[in-house]
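Per chain, numbering begins at 1; letters A, B, ... match sequence-line order.
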Protein chains: 2
Amino acid sequence: MKLSVKSDYAARAVLSLARNHSKGRVMKVEELAAENGIPANYLVQILIELKSRNIVRSVRGKEGGYLLARLPSEITLGQVLRCIHGPIFEADAASEPLYPPELREAWKKVQEGLDALTDSIHFEKLAEDGAAKRSMYYI
Amino acid sequence: MKLSVKSDYAARAVLSLARNHSKGRVMKVEELAAENGIPANYLVQILIELKSRNIVRSVRGKEGGYLLARLPSEITLGQVLRCIHGPIFEADAASEPLYPPELREAWKKVQEGLDALTDSIHFEKLAEDGAAKRSMYYI
DNA sequence: TCACTCTTAACGGAGAGTTTCACGCCCCGG
DNA sequence: CCGGGGCGTGAAACTCTCCGTTAAGAGTGA
């Protein structure tokens, strides 16, 4: 099972926005794309999905761009992943009537555990970690 | 992110084998396939992968078939998933030099957590749960 | 030898994921 | 009020993995 590029792009974009959140600066799509090596036109679609889930916010017109819709401490990796991929561990065959119930429960348990795990990682911490690591080079 | 049918098939097949493990009975591919609604010819490929990872064992010739290679208590859902899918949460872009290290670590943390979670579910328990649930209908 | 089973490799359709393109819309400054 | 610079949206093209099928090979017991 591979983490799709799309959710990786989404996570990187949100991280970039989290870094600039304290400055209150809006970031253009081009900026986000160049900074993370993401195709700009693809990133637009991702940002729209993130916006519909109230993770980012957009400002139109000249001087427009994107910023976080909420505090970095309120945005988790799990929210971003579920926004892009829906339920993270979904066995669609599990709805069949003759499907072994014990397995269905096992999948559900994994799903819930994964949700809890990814929701424990929020972007405030990620942005801080990145800043700390980067500042070490200046000591 | 969807659980692929392939790993679902694998889990169901191993579960069937776990149920019959105490009886020491071998199961033919056709049997496993019919019992779980899996295309037989596809299941063969899955069983071969499971065999190469020492999860199941095969007996050739007439009266041949498949059985577990180890005790049901020693086989976990995580082993089956990793056998089919490799590392469960792999961000291949994470090896790029300019990739944010804090994100790379976050993915790693998720991966390790998921491995621990899926390895905590072994097939002995699953088979018991299924048997208990089925016996309730006979009370 | 024959019947039965697993073993292995190769093929192709279907569908999702990725990327690009074109055009419409909205807001601000002049 | 109008035009440029940004976002918004949908659709087409392309790639690639997944899923399933087919067919020929090889081991085992009767």
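- Across all strands shown, B:V29 has heavy atoms under 4.0 Å from sugar-phosphate atoms exclusively, and none from any base.
- When the P atom of D:dC7 is taken as reference, atom CE of A:M27 falls 11 Å away, rounded to whole Å.
- The shortest distance between the side-chain N/O atoms of B:Y9 and the OP1/OP2 oxygens of D:dG20 is below 4.0 Å.
- Rounded to whole Å, atom C1' of D:dC7 lies 14 Å from atom CZ of A:R57.
- Note: CD (B:E31) to P (C:dC4) measures 16 Å, nearest angstrom.
- We find that NZ of B:K62 is positioned 12 Å from P of D:dG29, with the value rounded to whole Å.
- Between B:K28 and B:E63, none of the side-chain N atoms (NZ, or NE/NH1/NH2) sits under 4.0 Å from a carboxylate O, so this pair counts as no salt bridge.
- Judged by atom type and distance alone, A:R60 does not reach the base of C:dC28 through any side-chain donor-acceptor pair under 3.5 Å.
- Summary of the strand contacts: A:I48 and B:Y42 both lie near DNA chain D, and taking for each the nucleotide with the nearest heavy atom, the more 5' one is attributed to A:I48.
- Remark: A:R104 does not engage B:D8 in a salt bridge, criterion side-chain N to carboxylate O under 4.0 Å.
- At D:dC18, none of the side-chain N or O atoms of B:K6 fall inside 4.0 Å of OP1 or OP2 (strictly under the cut-off).
- The interatomic distance linking B:L17 (CG) with C:dC6 (P) rounds to 11 Å, in whole Å.
- For the pair B:N41 CG and C:dT7 P, the interatomic distance rounds to 14 Å; values are reported in whole Å.
- The side chain of A:S58 places no N or O atom within less than 4.0 Å of a non-bridging phosphate oxygen (OP1 or OP2) of D:dG6.
- Considering only the side chain of A:S4, C:dT18 comes nearest among C:dG24, C:dT18, D:dT28.
- Taking the side chain as every heavy atom from C-beta outward, A:L67 and A:M27 never approach each other to under 4.5 Å.
- Under a 4.0 Å N-O distance rule, the pair A:R19/B:E102 qualifies as a salt bridge.
- With D:dG8, C:dC6, C:dT8 as the candidates, the nucleotide lying closest to the side chain of B:V44 is C:dT8.
- Annotation: A:E30, atom CD; neighbour count of heavy atoms from other residues, nucleotides and ligands within 6.0 Å does not exceed 12.
- One atom, NZ of B:K51, and another, C1' of D:dG27, lie 11 Å apart when rounded to the nearest Å.
- Of the candidate nucleotides D:dG27, C:dG24, C:dT18, C:dT18 has the atom lying nearest to any side-chain atom of A:V5.
- Of the two residues near DNA chain D, A:G65 and A:Q45, the one whose nearest nucleotide lies more 5' is A:G65.
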